[in-house]
Every structure is written in C-alpha cells, then in structure tokens.
> 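Mind having a look at this structure? Questions to follow.
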Amino acid sequence: MSKPSLPQGTRDFGATVVRKRNFIFNTIRSVFELYGFQPLETPAMENMETLMGKYGEEGDKLIFKILNNGLDNQDKLEKTKAGFDKIMEGKNSTAITEKALRYDLTIPFARYVAMNHGQLTFPFKRYQVQPVWRADRPQRGRYREFYQCDADVVGSKSLINEVELTNIYSTVFSKLNIPVEIHLNNRKVLAALAEVCGGTDKLVDITIAIDKLDKIGIDKVKEELIQRGLTETQVNQIAAYLNISGSNTERLQQVNALVGNTENGRKGVEELQFIVDYIAAQPGVQPNIVLDFTLARGLNYYTGTIYEIKALNVQMGSIGGGGRYDDLTGLFGVPNLPGVGISFGVDRIYDVMEELQLFPEEVQTGTQVLFFNLGEAESKKAFELMQQLRSNGIRCELFHEQTKFDKQFKYAEKKNIPYAIILGSTELQQQTCVVRNLVSGEQTTIQQTELLQQQF
RNA sequence: GAGGUUGUAGCUCAGUUGGUUAGAGCGUCAGUUUGUGGCACUGAAGGCCGGGGGUUCGAGACCCCUCAUCCUCCCCA
C-alpha cells in the first residue's frame with residue numbers, strides 16, 4: 001500500500017485555513033447581499049454540450065470530462081469502440097463521455113437563465129460561490145480545483161450595473177484590506193483599434209499581443225504583432241495606442257483621439273466616460289479605477305466593459321475579473337438577454353492576504369473555554385456547567401480524560417483556547433470554580449452560579 | 001501541450017572524490033515525586049534515502065526508465 005495522496009492541483013484545507021477562507025467567503029457574500037444579489041447553486045457537473053465551445057479552443061481542452069459508466073457493457077461494444085475512435089481524433093463522443101465538470105460559473109448561470117427565463121424577474125441579479133475545475137497544469141496561484149465567487153446581472157443594458165459592480169469590487173477589497181487597482185476597459189475600444197489598423201479580422205491577434213504588454217514589454221509586443229501579420233504602419237499605430245498614459249480623464253481624451261472616429265470607438269469611450277463620471281460623483285471612498293486599454297481578457301463572449309483586479313504590492317495574477325456580454329443566453333436559445341458580471345478568485349485572494357499578512361487574528365478563535373478534567377465527580381460538574389455555557393453561545397469543551405495539569409494546559413495552548421476553567425475537589429466542595437485567562441495568566445475564583453455572568 | 005527544478009524522519013533540510021551501523025533542527029511521545037501551562041533539562045519512538053532496473057567488491061550519491069513535486073511558457077482566477 002503506497003502512501004495516500006491527492007490528485008494534482010487539489011488541496012485539503014485544515015481548520016486554520018478553512019476559517020481564513022470562510023472569512024473571505026463571508027465578506028464577499030455579505031457585500032453581494034448588500035447590493036441586492038440573490039444566491040444560486042448549480043451542479044458540479046454539466047452536460048458536455050452545455051460547456052463545449054464556450055471557452056475557445058484552449059478552454060475545451062481544459063474541461064475535465066467524466067467517463068461514462070458502463071463502458072464495459074458488451075452489448076454496446078461496437079458503439080463504444082466507434083466513440084473511442086472519435087476521441088482519438090480529438091473530437092467528443094457522448095458514447096464515451098456525456099458529462100463534464102463545471103469550468104466556470106458564468107456558463108452554468110447562462111444555462112440556468114435560459115432554462116428558467118419564464119419564471120425569473122428581470123433584471124435578474126444572482127451571486128454564486130462554488131468550486132470549478134480546470135485540467136490546467138498547476139503552478140503558483142493556479143489550481144485544478146478552485147472557488148469562484150460570481151455576481152451577474154442579466155436583462156439590463158444600464159451602465160449603472162457596471163457602476164454597482166465596480167463598487168462591489170471596491171467594497172470587498174477594502175473590507176479585506178487588500179490594496180487593489182480596478183482595471184477597466186471596453187471591448188468596443190479594442191474593436192475600434194482593430195478597425196482603425198489591421199481590420200476587424202485581426203482583433204483577436206491584436207488583443208492577444210497587447211494583453212502581454214506589462215509582462216514582455218513594448219518591443220516584444222511589436223515583434224509579436226509583426227509575426228501575427230500586421231504591417232509596420234499598423235504596429236506603430238498600435239504602439240501609439242499602448243503609449244496612452246496619464247490620469248483617467250487624459251487617457252480617455254487620448255484614446256478618443258485615436259479611435260473616436262469609429263462608431264465602436266465613440267461608444268466605448270462614451271461608456272467608460274459614463275462609469276468614471278458616475279463613480280466620481282458618488283459620496284464616500286472612491287474606488288481605485290485605472291483605465292487600462294491594454295486589458296483584453298480571454299473570454300470571447302465579452303462585448304462591452306471588461307474588468308480585471310490587480311493586487312498591489314504582490315506578484316500575483318489577477319484576483320478578479322469580469323465584463324459585459326450582449327447575448328450570453330443566446331447560446332442556449334434565449335436571445336436578447338444582455339448582462340454583466342464579475343468574479344472573485346478566492347484562492348488567489350487567500351494567497352495575497354497570506355503574503356501581506358492581512359488576516360485578522362480573531363479569525364482563528366475556535367473554542368473559547370476549556371474545562372479541566374480533574375476527576376469523575378469533578379468532570380461531571382464541569383460537564384454540567386459547560387452545557388450551560390454552551391446554551392449561552394460560548395464555545396467550550398471538556399478535556400477528554402483526567403490527567404495532570406500540564407497536559408491539559410498544553411492542549412489549551414495548542415488549540416489557542418483563551419480561557420481555562422479549573423474545577424477540582426476543593427472547588428467542587430465549595431461550589432466554586434477557577435477561571436483562568438491563559439493569555440494574561442490572571443485567574444479568579446468565582447461561585448459556580450456566577451459563571452453564566454462571566455465575560456469570555 | 002513545451003521547457004526546467006527537486007524527491008533523504010511527521011515538517012524544514014544536511015549528507016564531502018562512491019566506503020563501516022544515514023544525521024541535525026523543529027514537531028510527537030515519556031519523564032524531571034502526582035493542583036497551575038508557555039521556558040529549561042533528560043530520554044525515546046520514528047527512514048526499503050519516491051519506485052524499478054543498471055554500473056561497482058561496495059550506491060542515498062553515478063547511468064537509464066518511471067512516478068510525484070514545484071516553477072516558467074501558453075492560457076487563466
């Protein structure tokens with residue numbers, strides 16, 4: 001028997017980690033609720049055809065497929081073999097696999113909306129916090145099983161939704177104490193850039209290349225653009241676009257000068273302007289918005305605003321992203337339902353908070369009070385008192401067996417329990433107990449009847 | 001899918017040009033005379049050196065294969 005192990009890219013979470021993760025989840029959920037979003041949960045697995053073709057060619061490869069049961073059924077041998085041949089050609093076959101693990105939360109959401117659009121009240125605002133799976137190669141900040149926290153609004157074209165989502169990002173990260181930049185762009189601006197230089201068919205090539213700007217630098221981007229078949233004049237135009245800098249207002253002016261003469265460019269600029277102005281006018285703390293025209297994002301269903309969250313002071317990929325899509329449910333036969341959504345990458349947020357040491361210490365308090373076990377009659381009394389404290393909402397436990405003080409103290413210390421209640425033969429007789437603060441070392445003897453009034 | 005890194009005690013790692021019985025720190029457990037922890041001291045347990053094959057009188061070390069791991073690219077959260 002070899003040592004037990006975990007599938008690549010998956011993790012166990014111990015008590016400490018779960019508490020920290022829950023702190024993040026609870027913060028995000030509470031903010032979603034604050035903005036009027038409602039919870040939704042969908043199954044871990046979806047039908048293959050629901051997922052395939054939605055994430056681009058690369059995406060399809062990264063979907064975890066589930067092998068059908070009963071492939072050893074001799075009656076279906078021919079069918080199974082034919083199906084396997086198709087798989088070998090890189091195609092899919094429902095004879096071999098008809099289910100797959102959820103790859104993100106947006107497509108299952110779209111599927112849900114398409115299935116239930118008759119019953120839903122629009123605009124429909126939902127949030128969803130569940131794990132997703134990708135057959136990616138794991139590395140720093142990347143796992144094969146990880147959680148996403150999504151919030152989407154469908155059935156509304158209003159840019160106020162974008163403003164709301166921006167504020168959700170800002171509120172969550174300020175509650176978590178993570179300094180971030182909220183990068184904003186608009187697909188229409190990118191489309192306009194392609195129109196102005198290179199033609200619309202070069203849109204994908206251009207976006208892939210310029211998305212890498214901060215990683216590989218301007219010269220390499222230029223190289224890549226040439227490789228992707230753009231002329232030198234076009235590359236220079238794009239370089240001018242990438243050179244846009246200054247305040248958000250200045251950036252908008254510059255981009256407008258470059259692409260504002262096209263319909264797409266005009267609209268994209270207008271939309272970004274709306275969001276920036278709307279937020280600037282709101283009271284309270286201002287979200288840290290950065291207009292970033294190099295931002296592209298892979299998912300090809302985005303059509304308008306796109307978001308990406310960059311944590312400051314740490315080397316980490318984006319910790320959140322999202323965007324607007326004109327017609328997500330169209331893929332599932334329900335056209336004309338526009339929407340916009342955002343996503344939080346909890347696992348990366350966790351890593352960032354760990355690195356910057358941002359978790360509050362209170363997160364780790366489990367048991368508040370440990371009752372010492374000092375004998376049969378003593379522990380019976382302690383048990384009784386413990387139950388009373390519990391009914392008052394105090395988290396406590398009784399040491400499982402009678403043993404010397406040393407062991408019981410050390411147990412409390414290991415588990416970070418702040419209070420010990422000592423009830424030995426003397427206390428039993430006098431109907432008292434000793435309450436000891438394990439952090440300060442102070443202790444007092446009180447009547448057992450006073451215990452419920454004690455502050456922990 | 002392409003390239004690289006590292007696999008030795010529960011954890012972090014030493015281990016010399018190949019040479020007796022493979023080490024340290026931390027952790028675990030027990031004790032320092034049985035009602036007050038954190039410190040200190042003493043002691044113990046714990047290893048098919050990732051797995052398989054090869055070279056050699058002799059392999060933790062060298063060679064081949066394999067598995068796992070972490071990282072980079074691609075892509076993404």
Side-chain angles (χ1 to χ4, degrees), chain A residues 1-11 24 28 55-63 90 102-106 129-150 204 207-209 211-212 215-216 220 224 295-300 307-311 315-323 341-352 370 372-375 378 399 402-429 433-445:
Chain A
M1 185 74 184
S2 59
K3 280 186 188 172
S5 66
L6 241 35
Q8 197 179 35
T10 67
R11 298 152 296 163
I24 299 174
I28 294 172
Y55 308 105
E57 212 174 309
E58 283 296 314
D60 282 358
K61 288 184 197 162
L62 299 180
I63 293 172
R102 178 169 62 215
Y103 178 89
D104 73 352
L105 300 179
T106 309
V129 178
Q130 288 190 279
V132 302
W133 295 270
R134 295 187 187 176
D136 215 345
R137 184 152 296 192
Q139 49 186 278
R140 179 179 157 81
R142 180 182 300 191
Y143 308 96
R144 287 186 148 178
E145 177 184 67
F146 62 96
Y147 272 73
Q148 284 189 334
C149 304
D150 278 24
V204 176
T207 53
I208 287 176
D211 198 34
K212 296 177 188 168
K215 257 189 185 170
I216 62 176
K220 292 265 180 188
E224 182 155 346
L295 176 60
R297 289 191 63 75
L299 295 177
N300 43 23
Y307 294 93
E308 196 153 292
I309 307 300
K310 290 203 160 66
Q315 187 60 45
M316 181 68 73
S318 85
I319 56 175
I342 57 172
S343 179
F344 289 84
V346 173
D347 298 86
R348 284 188 181 176
I349 291 173
Y350 179 95
D351 290 346
V352 168
L370 176 71
F372 274 30
N373 186 331
L374 299 170
E378 291 88 341
F399 197 79
Q402 181 188 358
T403 180
K404 52 185 186 176
F405 273 54
D406 185 70
K407 283 203 79 156
Q408 308 201 33
F409 271 121
K410 280 182 175 157
Y411 177 80
E413 197 188 326
K414 291 267 168 51
K415 286 192 72 177
N416 221 350
I417 299 171
Y419 287 94
I421 291 180
I422 301 165
L423 199 159
S425 53
T426 321
E427 288 81 7
L428 187 63
Q429 204 181 2
C433 59
V434 175
V435 178
R436 183 177 175 88
N437 181 325
L438 295 178
V439 182
S440 66
E442 290 164 21
Q443 67 180 42
T444 53
T445 305

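Within every chain, numbering begins at 1; the chains are lettered A, B, ... in the order of the sequence lines, protein sequences first and strands thereafter.
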> Once you round it to whole Å, what is the distance between C1' of B:C29 and OH of A:Tyr411?
17 Å

> What does the 5'-to-3' dot-bracket notation of RNA chain B look like when only Watson-Crick and G-U wobble pairs under 3.5 Å count, and pairs to other strands show as |?
((((.((..((((.....[...)))).(((((.......))))).....(((((..]....))))))).))))....

> To check you understand the geometry: which heavy-atom pair defines the closest contact between A:Asp150 and A:Ser343, and what is its length?
OD1-OG, 2.7 Å

> Can you identify which nucleotide, out of B:G35, B:U36, B:A77, has its nearest atom closest to the A:Gln443 side chain?
B:U36

> Quick check: do A:Asp104 and A:Tyr55 have side-chain heavy atoms less than 4.5 Å from each other?
yes

> Below the 4.0 Å mark, does B:G31 have OP1 or OP2 next to a side-chain nitrogen or oxygen of A:Lys404?
yes

> For A:Gln402, which contact category applies under a 4.0 Å heavy-atom criterion: base, sugar-phosphate, or nothing?
nothing

> Which value, in whole Å, describes the distance between the P atoms of nucleotides B:G27 and B:G38?
13 Å

> Using whole Å, what does the distance between atom P of nucleotide B:G38 and atom NZ of A:Lys415 come to?
20 Å

> Atom pairs under 3.5 Å, N or O on each side, protein against nucleotides 66-70 of chain B: can you list them with distances?
| residue | atom | partner | partner atom | Å |
| --- | --- | --- | --- | --- |
| B:U69 | OP2 | A:Gln8 | NE2 | 3.3 |

> If you find the nucleotide of RNA chain B closest to A:Phe409 and the one closest to A:Gly320, which residue's nucleotide is nearer the 5' end?
A:Phe409

> Under 4.0 Å: is that the gap between some side-chain N or O of A:Lys407 and OP1 or OP2 of B:A30?
yes

> Send over the distance from A:Glu413 CD to B:G38 C1', rounded to a whole Å.
4 Å

> Base, sugar-phosphate, or nothing: which does A:Ser318 touch, judged by heavy atoms less than 4.0 Å apart?
sugar-phosphate

> Please list all pairs passing the salt bridge (charged side-chain N to carboxylate O under 4.0 Å, His left out) test where one or both residues lie in residues 412-423 of chain A, with sequence neighbours left out.
A:Glu397-A:Lys415

> Measure the distance from CG on A:Leu438 to P on B:C39 and round it to the nearest whole Å.
14 Å

> Do A:Gln408 and A:Leu374 touch side chain to side chain, with heavy atoms closer than 4.5 Å?
yes

> May I have the distance from A:Tyr143 (atom OH) to B:C75 (atom C1'), rounded to whole angstrom?
17 Å

> Using the C1' atoms only, state how far B:A14 lies from B:C76, rounded to an integer number of Å.
39 Å

> Would you compute the distance between atom CH2 of A:Trp133 and atom CD1 of A:Ile63 and round it to the nearest 0.5 angstrom?
13.5 Å

> In whole angstrom, what separates A:Asn437's CG from B:U36's P?
19 Å

> Tell me the interatomic distance from A:Arg102, atom CZ, to B:C76, atom C1', rounded to whole angstroms.
18 Å

> Closest approach to the side chain of A:Lys414, judged atom by atom: which nucleotide of B:C75, B:U28, B:G35 is it?
B:U28

> Determine the contact category for A:Ile349: base if any of its heavy atoms lies under 4.0 Å from a base atom, sugar-phosphate if only primed atoms, P, OP1 or OP2 are that close, otherwise nothing.
nothing

> Rounded to whole Å, how long is the line connecting atom NZ of A:Lys410 with atom P of B:G38?
5 Å

> Nearest to the side chain of A:Arg142 - B:G35, B:G38, B:A77?
B:A77

> Examine the base of B:G35 for any acceptor or donor lying under 3.5 Å from a partner atom in the side chain of A:Gln408, and report the outcome as yes or no.
no

> Could you state the interatomic distance from CD1 (A:Ile421) to CZ (A:Phe372), rounded to the nearest 0.5 Å?
10.5 Å

> Under 4.0 Å between any heavy atoms, over every strand shown, what does A:Gly424 touch: base, sugar-phosphate, or nothing? Just pick one.
base

> Between A:Leu423 and A:Leu428, is there a side-chain heavy-atom distance shorter than 4.5 Å?
yes

> Taking the same atom, P, in B:G1 and in B:C67, what whole-Å distance lies between them?
12 Å

> A:Ile422 and A:Glu427: which non-hydrogen atoms are nearest, and at how many Å?
O-CG, 4.0 Å

> Got a second to check how far A:Ser318's OG is from A:Ile309's CD1, nearest 0.5 Å?
8.0 Å

> Once you apply a heavy-atom cut-off of 4.0 Å, does A:Ile422 come out as touching a base, just sugar-phosphate, or nothing?
base

> Counting side-chain heavy atoms from CB outward, which of B:G35, B:G38, B:A77 is closest to A:Phe405?
B:G35

> Is there a donor-acceptor pair closer than 3.5 Å between any side-chain N or O of A:Arg144 and the backbone N or O of A:Pro138?
no

> Decide yes or no for A:Phe146 and A:Val132: does some side-chain heavy atom of the first lie under 4.5 Å from some side-chain heavy atom of the second?
yes

